[in-house]
Amino acid sequence: MMPVTTTATHSMPAANRKWSRYRHPESTIRFAVILAILAFLGYSITYLNIDLSRILGAFPRLVEILATRYFPPDMNYVSDADFLRSVLRTLEMSLLGGFFGVVCSIPLAWLAARNITVSKRIAYPFGRFAIMSSRSIHETIWTILFVTVLGFGMLAGTLALTVFCVGFAGKLFSDELEAIDMGPVEALRSVGANPLQVFQYAVLPQVRVAFTGIAIYTWDVAFRAATVVGFFGGGGMGWYLKRTTQQMESTRVAAILLVIIGLVLLAEIGSGWLRKRIGKMR
Amino acid sequence: MRHEKIIVEGRAQRGLPAKVADAMSILEVRNLKVSYSTGGPQILKGIDFEVGGDDFCAVIGPSGAGKSTLIRCINRLVEPTEGDIILFGQSVCPLNSGDLRRLRRRIGMIFQEFNLVNRMSVMDNVLSGRLGYTGAFRSFFKAFPKEDIDRALNLLERVGLQDHVDKRADALSGGQRQRVGIARALMQRPEILLLDEPTSALDPKISRDVMGLIRELAAEFKIPVLCNIHDVQLALETCNRIIGMQDGYKKFDGPAKGMRKQDLDEIYAMEVL
Amino acid sequence: MSITAAPVSAHGFDAYLAHKRRRRINNWLLVACSVALLAWCFWDTIMFDTDWQRMGGALGIGGTLERFLLIDWSLLPKLLVPALETLMMATLGTILGCVFSLPVAWFGAANVTPSKYFFYPLGRFLMVLSRSIHEIIWALLFVGAVGLGALPGILAVAMRSVGFISKITAEAIENIDPKPVEAIRAVGGNQFQVMYYGIVPQILPVIIGTIIFEWDINIRRSAIMGLVGAGGLGLVFFRQMAMFNYGGVTLVVLAVLVLIAIGEVISHYARKAVI
Ligand SMILES: Nc1ncnc2c1ncn2[C@@H]1O[C@H](COP(=O)(O)OP(=O)(O)OP(=O)(O)O)[C@@H](O)[C@H]1O
Ligand SMILES: [Mg+2]
C-alpha cells in the first residue's frame, strides 16, 4: 500500500517576537544555587575522603558478611529467659515513654499552635522551643545524658524515650491543632470561656480522633527507638545488642537483629491496624 | 449488519452518495470492533468510515455510545480488538512501539480536559507537542530548536495567548487552557486532528469561540478533523460532515447540511422502542 | 412524624440508652486496664529496676546536673569544623538516600511497577525494612562492611532515609493525574519523555518537600554517627563524654540545636523557593 501524502501545509509567517528560557535574575540565581550545592557536595566528598566506588561495593560486602559471619543466627540465645524478659522491658519502656511523652506534649502543642496558643508573645515561642529542642537532639544523645545523670537502667531509657516522644508527637499535635476549624473556638471565646474551657470544649472534640491516631503512631516510633536505647545503658534489649557486638558474637547479633526487625514489623502492623480502626470511628 | 442496512437505505432514500469521503481518504476505519477486556462487553461493534482531505467530521451520539473509544483507537491509546484502521495509507494495528510513536507524531489530539501539565509553563506545554521530534539530550534540558520556539510563539499568538507565554498552565482559564491544547496539537504539524469533546468543559460562548478557532486553523493548514462532540447544534454549525453513533454502531453518516430531525432522533434513540 | 411512631422511637430510645451504657462500661474497662498496665510497667521498669542507692539521692543528681550546666565555652571555636562535617554527612546521606529511593519508589508504586508480583512486593518490603532498622543498627552493619569512618555513617543515614522518601514518592506517583501523561504519549513521546514531561513535573514538589524534610532529620541523625568513627559533632560529643567534661557535652548539644535551627531556616526558604 502506498503511503498517502496529505494535503496539510504548515507554513507560517516568521515570528516577530523573541523568547528565551533565560529570565534575568531568577535563572541566574537558580543556576548559582544549583552550582553552589554541587560544589558543596563535591567538596564534601573530597573533604570526608569518601571513595565513591566503595559505596556500591558496600552492599555486596554487606550481603557477604551477613551470609558468612552472621549466618546462621543463634536462635538459642534469643529464646533465653533473660533475653525475653529484656524484650518485655523494652515494650514496657516504649509504653511508658510513649504515654508520658504524649501526656506532656499535648499542653506543649497547645502552646505551640499559633492559632489557639495562650499568648503569642511568651507561650508560643516557649512551646515551639520545647518541642523543637526535644526533636532536634537524637534519642541516643538523650539516653546518654540521662544515663550520665541518673545512672544505668530503665529510668534513664524511659525518660529519654519520653523526651523523644514529646518532640515527635508535639510537632504532629501542633500541626493538627493549627489545622482546626476556628469557628467553634471563636464562638466559645465570644461567650467568655477561659482558654482551658475553649481547649476542652472547642478544640479537643475536633482533634480527638486524630490525636489518638498520632498517639498510637508515637508508640510505634518509640518502640523502634526503645530497641536501641539499651545500647547506651538505657535498659532493654539494646544492652544485649551492645554486648554481643563488642564481643563479636556475630551469629547472636544476627539473632537479635532478626528479633528486633520482627518486633518492629509487628508493632508497625499492629499500630497500622489500630489507626485504621480509629480512623473509621471518625 | 441491520444498522448498516438502515444507513444505506436511509441514504439512498435521501439521494445521498453512498460514500461521503472524496477520492483520497486519509483515514479509513474498517469493521472496527473493540472490547476493553477479552470476553468483556463489546464497545464498538463494527464501525466503517473514511475521512478525506477536507473533512471536518463530527462524531455525535449519546453518552456511552463509544465515541471516545473510537477516537482513541485511531492513535491506539485504546487497542482495537478486531478490524483495521488505515491512516496515511498504513495500517495502524500491527505497528511496533517505535513506528507507533512515529505515527502519533503526525496525529494531533485535543482533549476534553485539556490534559496540560499543570506545573509547566504555557510555553513548555506547547513545546511538548514537538517531543516526538526531539532527541533525549534536547528534551532533558528542554532545549528546543529555534524554529520550534518560533512556531510556538506564532501559534500562541494565533490562539490569542501571546501575553500568557510564561504563565503556568494552571493559572489560565478553561478556554485559555484549551487554546494551549490547540497550540500544542498544531505544534506537531499534524496531518490529521483528533478531538475528543474539546468543548464540553467550557461554557457555550467559549465553546463556540474555540470551535471556530479550530475550524479556522484546520482550514488554514488544510488538516482534516475528526471530532467528538456533545453539542449537536455546535456540531451542525461547525462541521461539514456528521457521523452519528449509538451503542457501538454507526447510525448516520452524511453532510451536516443534509441532517434532519428524524436522523437526530434516531441517533439519540428517541423513537426506538 | 406520625403518631404511631412514638412507641417505636421510645423503644429506640431505650436501645440507645442501653447502647450508651454499654459503651460507657467499655470505656471504663479500657481506661482501667490501661491504667493498670501503665502502673505495672511503671513499677517494673522504674521502681524495681532503678538503683536508687547508687544514684546518690537528690544531692548526687544535683551535683551532676551542675557539672552539665557549667558550660565549657573554651570548646566553642573547635566546634565549627565538626558542625560543618555533620552538615556534609547529612547532605551526602540525603542525596545518596534519594538515589537509592529511585528504584525502590519505582518498584513500589503500583501503577508503574515493572512487575506486580515480584518487584512491587520487593519495593514495599524494602521500604518497611529501611524504616524498621534503627540508624544505629544500620551504622553497625555498615561498619562491618566498609570499616570505620564517614562512609558507614553516610550509608546508614542514606538507608534510613530510603523508606520515607520512597514511600512518599511512590504514593505521589500513584496519585498522579494520568491525563497529561496520555497527552505526551499522544504526541509521540518515548518512555523517557513521558516520564520526564508527564510524571516528573507532577511529583516534583512533593519529592522536594520530602527531601528537605528528610535532610532536616538527617542532620540530627548524622550528629550521632561519631559512634562509628564518622567524625562531626557526634565524635566531639563522645570524646567529651569520655573525658567526663560535661560542660563541653552541653556545649555540643547546644551546637546541635543551633545547627538544626539553621537547617530549619534553610529548609524553610528552600521549600518556599520550589513550591
Ligand atoms: N478504560 C475503560 N475500561 C473499560 N470500559 C471502558 C473504558 N473506557 C470506556 N469504557 C466503556 O466503554 C463504553 C463507551 O465509552 P466511551 O467513553 O467511548 O463513550 P462516549 O461515547 O465517549 O461517552 P461520553 O459521551 O459520555 O464521553 C462505556 O460503556 C464505558 O463504560
Ligand atoms: Mg467520551
Side-chain angles (χ1 to χ4, degrees), chain A residues 30 33 37 40-41 43-45 47-51 54-55 57-59 61-62 64-66 69-70 88-89 91-93 95-96 99 132-133 135-138 140-141 144-145 148-155 157-158 224-225 227-228 231 235 238 241 245 250 253 257 260-261 264-265 268, chain C residues 34 37-38 40-42 44-46 49-51 54-56 61 64-65 68 84-85 87-89 91-92 95-96 128-129 131-134 136-137 140-142 144-146 149-152 154-155 219-221 223-224 227 230-231 234 237-238 241 246 249 253 256-257 259-261 264 273:
Chain A
R30 182 178 311 158
V33 167
I37 292 176
F40 179 70
L41 285 179
Y43 183 71
S44 311
I45 290 173
Y47 183 84
L48 295 175
N49 209 356
I50 289 167
D51 188 355
R54 272 170 66 200
I55 291 182
F59 291 94
R61 274 289 287 158
L62 186 63
E64 186 193 319
I65 287 177
L66 288 180
R69 266 196 252 155
Y70 286 80
L88 187 66
R89 288 179 152 185
L91 189 66
E92 286 168 11
M93 281 201 303
L95 279 173
L96 275 183
F99 174 74
M132 199 207 94
S133 44
R135 244 176 102 71
S136 303
I137 306 299
H138 199 265
T140 307
I141 293 189
I144 296 175
L145 292 180
T148 318
V149 177
L150 302 171
F152 292 102
M154 288 199 278
L155 178 59
T158 308
R224 239 172 264 185
T227 55
V228 293
F231 203 92
L241 191 63
T245 328
S250 302
V253 175
L257 287 185
I260 289 182
I261 294 174
V264 168
L265 282 184
E268 179 155 332
Chain C
S34 313
L37 180 70
L38 283 173
W40 180 71
C41 287
F42 190 76
D44 189 44
T45 36
I46 293 182
D49 187 65
T50 309
D51 188 353
R54 208 177 137 239
M55 212 149 79
I61 296 177
T64 324
L65 273 183
F68 270 108
L84 210 60
E85 279 176 12
L87 209 59
M88 287 174 174
M89 285 195 290
T91 314
L92 285 180
I95 299 282
L96 201 58
V128 175
L129 190 73
R131 281 181 304 138
S132 59
I133 299 184
H134 198 270
I136 298 277
I137 299 177
L140 291 176
L141 288 174
F142 279 116
V146 296
L151 190 55
I154 290 170
L155 281 170
I219 298 179
R220 169 181 20 168
R221 288 182 182 146
I224 55 153
L227 176 77
F237 176 87
F238 286 112
M241 212 64 215
Y246 294 159
V249 169
V253 170
V256 175
L257 266 181
L259 196 61
I260 301 255
E264 214 144 275

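Every value quoted in this text rests on a predicted model; they were computed, and no experiment measured them. A note on names: the letters A, B, ... follow the listed sequences, proteins ahead of strands, and every chain is numbered from 1.
- To the nearest 0.5 angstrom, C:Leu141 atom CG is 6.0 Å from A:Leu66 atom CG.
- A:Leu48 touches chain C through backbone and side chain together, each having a heavy atom under 4.5 Å away.
- In terms of the side chain to side chain contact (heavy atoms under 4.5 Å, CB included) criterion, residue partners of A:Thr245 (sequence neighbours excluded) are, by chain and number, A:Phe231, A:Leu241, A:Val253, C:Leu140.
- Only the side chain of C:Met241 comes within less than 4.5 Å of a heavy atom in chain A; its backbone stays farther off.
- Between chain C and the options A:Ile55, A:Ile260, A:Leu91, heavy-atom pairs under 4.5 Å are most frequent for A:Ile55.
- A distance of 9.0 Å separates CD1 of C:Ile260 from CZ of A:Arg135, quoted to the nearest 0.5 Å.
- Closest heavy-atom contact between C:Val146 and A:Arg54: O-NH2, 2.7 Å.
- Ranking C:Val128, C:Leu92, C:Leu155 against chain A, the residue ahead of the rest is C:Leu92, based on heavy-atom pairs under 4.5 Å.
- Once rounded to the nearest 0.5 Å, the distance linking CG of C:Leu37 with CG of A:Leu95 reads 5.5 Å.
- Partners of C:Leu87 by side chain to side chain contact (heavy atoms under 4.5 Å, CB included), not counting sequence neighbours, listed by chain and number: C:Trp215, C:Ile219, C:Leu259.
- With a 4.5 angstrom heavy-atom cutoff, A:Ile50 touches chain C only via side-chain atoms.
- When heavy atoms are compared at a cutoff of 4.5 Å, A:Arg30 does not approach chain C at all.
- To the nearest 0.5 angstrom, A:Ile261 atom CD1 is 3.5 Å from C:Ile133 atom CD1.
- The distance from the CZ atom of A:Arg61 to the CZ atom of C:Phe142 is 12.5 Å, given to the nearest 0.5 Å.
- Between chain A and the residues C:Val249, C:Leu257, C:Leu65, C:Val256, the most heavy-atom pairs under 4.5 angstrom are made by C:Leu257.
- For chain C, no part of A:Ser250 is nearby; none of its heavy atoms comes within less than 4.5 Å.
- In this structure, chain A has a heavy atom under 4.5 Å from the side chain of C:Ala150, while its backbone stays farther away.
- Interface residue A:Thr140: only side-chain heavy atoms are found under 4.5 Å from chain C.
- Interface check for chain A: of the options C:Phe238, C:Phe42, C:Tyr246, the most heavy-atom pairs under 4.5 Å are formed by C:Phe42.
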